[in-house]
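Small disclaimer: the values here were computed from a predicted structure and weren't measured. Residue numbers begin at 1 in each chain, while the letters A, B, ... track the order of the sequences.
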Protein chains: 2
Amino acid sequence: MNDLLKERDAWSMANCSIARTLEIVGTRTALLIMREAFFGTRRFDDFAKRVGIGEPAASTRLKELTAAGLLERVPYQEPGQRTRYAYQLTQKGRDFLPVLSALRQWGDTWAADEQGPPVVVRHENCGAPVHVALRCDDGHDVPIGDAFVDAGPGLIRVSPDSP
Amino acid sequence: MNDLLKERDAWSMANCSIARTLEIVGTRTALLIMREAFFGTRRFDDFAKRVGIGEPAASTRLKELTAAGLLERVPYQEPGQRTRYAYQLTQKGRDFLPVLSALRQWGDTWAADEQGPPVVVRHENCGAPVHVALRCDDGHDVPIGDAFVDAGPGLIRVSPDSP
DNA sequence: TAGCTAACTTCTGAAAGCGTAAGTCAGCTG
DNA sequence: CAGCTGACTTACGCTTTCAGAAGTTAGCTA
C-alpha cells in the first residue's frame, strides 16, 4: 500500500469512473444484454429469450443502453417484411468487451464446472483463446500484485467528512 | 460473426461464466465494495462510509463477498484495543482486479470529466499507468474487433425452446 | 380490409435493494 | 463495574428490479 491511500478519506468519489460506469451497466440484466450483443443478438425478442428475462426488463434495459450510446437502434428490412429495428453495438459498446472478458475470465477461473467454460473467445487470426491482461503504458506486463492505486489528474479532495 | 452464432438458440447459458460471476458481484454495491478493497479499505465502517452506503447494505455485501471467498475476515488487534476483524482480499478477490480495471478504463474513456480520472493505477516497477489489454494465448495482442466467440468445452446444447 | 407477426407497452404484484434510525454486543478503560 | 467505542443487527418504509400476462401497434400478406 502506498502513502496516498492513507488519505483515502480525503478523496471524493464524485467522479469515480467505476461508479459512473455502473450507473449505466450496474444491473445484472444490463450486463447480460451486453453479453448477448457480443454474441451477435440484435432483435428484441431474441434478447429477452436468450438472456432469460421478461419483455419489460428487456425493453427498459435496451432503452437505457441505447440512451447511453452503447447500442444503437438501426432499421433493417427482411425481404417481404416491414421495416424493423435492430439493436447493434456502437464503438462505445464494442469498447465494453474487456469488461465482459474480465468477468468471463474470472468466472472461468473461479466458478466453472469441471468440463470447462461454455464459450471461448478466440483470436481471429490464429484461433488461440483470448484473455485479458494488465499492461502498463511502457509495454510491461503487470502481474496483479504489481499494480498500485495512485491519485489521478481529476482527483477531488474534500474535507474528510464531506460527501 | 461466425457460423456457430447462428445456432445460438441451442446454447444453454446454465453454466455461463459471466452469469455466475454476476450472481456474486452483480450489484452496484458489491462492485464498489471490491473497489474499496483494492483501495486498501479493510474495516467495516470505512467500507460503509467510503462506498457511501448504509450499514445494512455494507453488512449484507461483506457477508456475501466473504461467503463467496473474495474477502476473508481476519482478526487484528491494535495496541490497547480489543480484537477486531478486518475484511481483506483473498487470491480469489485479488484476481478480480482486471474486472475493476476494465470498468475503470471504460469509464475513463467514455464517462470522465475533462480534468481526467480521479485515480490511476500504476505499475510498481516503472510508474507507468496500467490498462487492460486483450491478448491471445499465442501472445498476440488482440484488437477488440479481432476477437470472436466460439463454443467451449463446457457448452451445453439444448433443443431450441428449452431453458 | 381482415388477419398475422414482431416489437413493443401496460398492468399487477412479488422480491430485492437500500437509507435512516435505533438498537445490541463485546471487551477495554477508568 | 459503568462508560465508551467499533462493529455490527434490527426495524421500518421507500424505491427499484423483475416476471407473467394481457393489450397495442404498424405494416405486410391474403
> Which pair of heavy atoms, one from A/Leu71 and one from A/Tyr87, lies closest together, and at what distance?
Replying inline: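 The answer is CD1-CB, 4.4 Å.
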
Within the structure shown, what part of the strands sits under 4.0 Å from [X] by heavy-atom distance: base, sugar-phosphate, or nothing?
X       : value
B/Tyr87 : sugar-phosphate
B/Gly52 : sugar-phosphate
A/Thr27 : sugar-phosphate

Tell me: [atom1] of [X] to [atom2] of [N], nearest whole Å?
X       : N      : atom1 : atom2 : value
B/Glu64 : C/dC18 : CD    : P     : 9 Å
A/Leu31 : D/dC18 : CG    : P     : 11 Å
A/Glu23 : D/dT16 : CD    : P     : 13 Å
B/Asp45 : D/dT5  : CG    : C1'   : 10 Å
B/Ile24 : C/dA16 : CD1   : P     : 17 Å
A/Phe47 : D/dC18 : CZ    : P     : 16 Å
A/Lys49 : D/dA19 : NZ    : P     : 16 Å
A/Ile33 : C/dC8  : CD1   : P     : 12 Å

For [N], take OP1 and OP2 only and decide whether either is under 4.0 Å from a side-chain N or O of [X].
X       : N      : result
A/Arg28 : D/dT17 : no
B/Ser59 : D/dT9  : yes
B/Lys63 : D/dT9  : yes
A/Arg43 : C/dA6  : no
A/Tyr76 : C/dA6  : no

>> Does B/Asp113 form a salt bridge (charged side-chain N to carboxylate O under 4.0 Å, His left out) with A/Arg20? I'd like the steps, not just the answer.
In response: CA-CA 11 Å; B/Asp113 293 335; A/Arg20 288 187 178 184; 3.0 Å; yes

Among [options], which nucleotide sits nearest the side chain of [X]?
X       : options               : result
B/Glu55 : D/dT10, D/dA19, D/dT9 : D/dT9
A/Arg73 : C/dG19, D/dA19, C/dC8 : C/dC8
A/Arg61 : D/dC18, D/dT9, D/dG6  : D/dC18
A/Thr29 : D/dC8, D/dC18, D/dA7  : D/dC18

> Is the cationic atom of A/Arg8 (NZ for Lys, CZ for Arg) positioned less than 6.0 Å from the six-membered ring centroid of B/Phe39 and within 45 degrees of its normal?
Replying inline: no

>> Here's a test of your reading of the structure: between A/Ala30 and A/Arg84, which maps to the more 5' nucleotide of DNA chain D?
In response: A/Ala30

> Can you tell if the side chain of B/Ile18 reaches within under 4.5 Å of the side chain of A/Leu31, non-hydrogen atoms only?
Replying inline: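 Result no, sub-4.5 Å side-chain heavy-atom pair not found.
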
>> Pairing donors with acceptors under 3.5 angstrom, does anything connect the side chains of A/Asp108 and B/Ser17?
In response: yes

> After noting the C-alpha distance and the side-chain angles of B/Arg61 and B/Glu64, does the key distance pass the salt bridge (charged side-chain N to carboxylate O under 4.0 Å, His left out) rule?
Replying inline: CA-CA 5 Å; B/Arg61 294 296 153 250; B/Glu64 287 169 0; 2.6 Å; yes

